Amino acid sequence: MSLQHSTKLTSFSRDLLMLGFLRQVGDYTRDTVDAARNIAQGLAVTFDHFQRRPVTVQYPYEKLIPSPRYRGRIHYEIDKCIACEVCVKVCPINLPIVDYEPGPSKKIAKVLRNYSIDFGVCIFCANCVEYCPTQCLSMTEEYELTSFDRHNLNYDSVALGRLPTTVSTDPSIRPLRELAELPKGELDPHNVPVNQPAYGPQPKQVLNPTMLS
Ligand code: SF4
Ligand code: SF4
């Protein structure tokens, strides 16, 4: 191979290397511009969200009103209880403690002494409420039962008989309606007037269709 031919080849391979390098620079620049455009689009969406009103419920100053069939703390009326223990049999964990002693006669076979439910164990399935023959059990909308001592969650008949606290009657709280209780087209409960009816028939209207007209 002549010296002139060899020099030409070297120059050619240098050109090829330079071309490859320039192509890499071009690819890198294009990728950088693409990435910058994607980041800008993402930021535009993020800033758009900044302009919307937050839909956060500011607990504990605002609270959602639980739905009518919400299964909160159980309420118990001792004067209606006949100590039949149906609630114990239908409970998945046989949880209610029905404390009774034999009655003085055949007619009064049992005399109830106490009744308790441990809410540290209860799964709030409401089976006991559904099957109680005298309807002395009911579900309330109370869900704030936290305690520093788990034994405080074992409610006796007095604690179970206490009237529940409700979100809508507490003057220190701003009650907000749940999504299913909002009027048609509304997604944020903050601006909905309390007296504006919810979308669709309400549970009372379903039970009594004459109220729909
Ligand atoms: S089912 Fe009702 S009436 Fe019977 S023991 Fe339980 S709470 Fe009392
Ligand atoms: S709500 Fe369910 S788990 Fe709780 S006591 Fe009643 S039946 Fe038992």
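Indexing begins at 1, ligand by ligand and atom by atom, following the structure's order. Here the structure is a predicted model, which is why all the values come from computation and not from measurement. Note: hydrogens, waters and symmetry copies are ignored here, and every other heavy atom, side chains too, is used.
With respect to atom 8 (Fe) of ligand 2, the closest heavy atom belonging to the protein is Cys91 SG, 2.3 Å. The protein atom (non-hydrogen) at minimum distance from atom 2 (Fe) of ligand 2 is Cys125 SG, 2.3 Å. In this structure, atom 4 (Fe) of ligand 2 lies nearest to the protein heavy atom Cys122 SG, 2.3 Å.
Tracing side-chain contacts under 4.5 Å through hydrophobic residues (I, L, V, M, F, W, Y), one reaches Leu137 starting from Tyr100; they form part of the same cluster. Residues Val158 and Tyr115 do not share a hydrophobic cluster, defined by chaining ILVMFWY side chains whose heavy atoms lie under 4.5 Å apart.
Salt bridge status for Arg52 with Asp48: present, with a side-chain N to carboxylate O gap under 4.0 Å. Using a 4.0 Å cut-off between a side-chain N of Lys or Arg and a carboxylate O of Asp or Glu, Glu142 and Arg162 qualify as a salt bridge.
Per-residue contacts place Pro133 under 4.0 angstrom from the following atoms of ligand 1 (heavy atoms of the residue considered): 1 (S). Taking every non-hydrogen atom of Cys128 and a distance limit under 4.0 Å, the qualifying atoms of ligand 2 come out as 1 (S), 5 (S), 6 (Fe), 7 (S). Close approach of ligand 2 to Ala126 (heavy-atom distance below 4.0 Å) involves ligand atoms 1 (S), 2 (Fe).
Residues passing the ring-ring contact (aromatic ring centres under 6.0 Å, His included) test with Phe47, sequence neighbours excluded: Phe50. A search for ring-ring contact (aromatic ring centres under 6.0 Å, His included) contacts involving Phe119 returns Phe124, Tyr155, not counting sequence neighbours.
Using cut-offs of 30° and 60° on the angle between ring planes, the pair Tyr143 and Tyr70 is perpendicular.
For Asp149 and Ser147, the side-chain atoms include no donor-acceptor pair closer than 3.5 Å.
For atom 8 (Fe) of ligand 1, protein N, O or S atoms under 2.8 Å: 1 in total.
The hydrophobic cluster around Leu207 extends to none of the other residues, as no ILVMFWY side-chain heavy atom falls under 4.5 Å of it.
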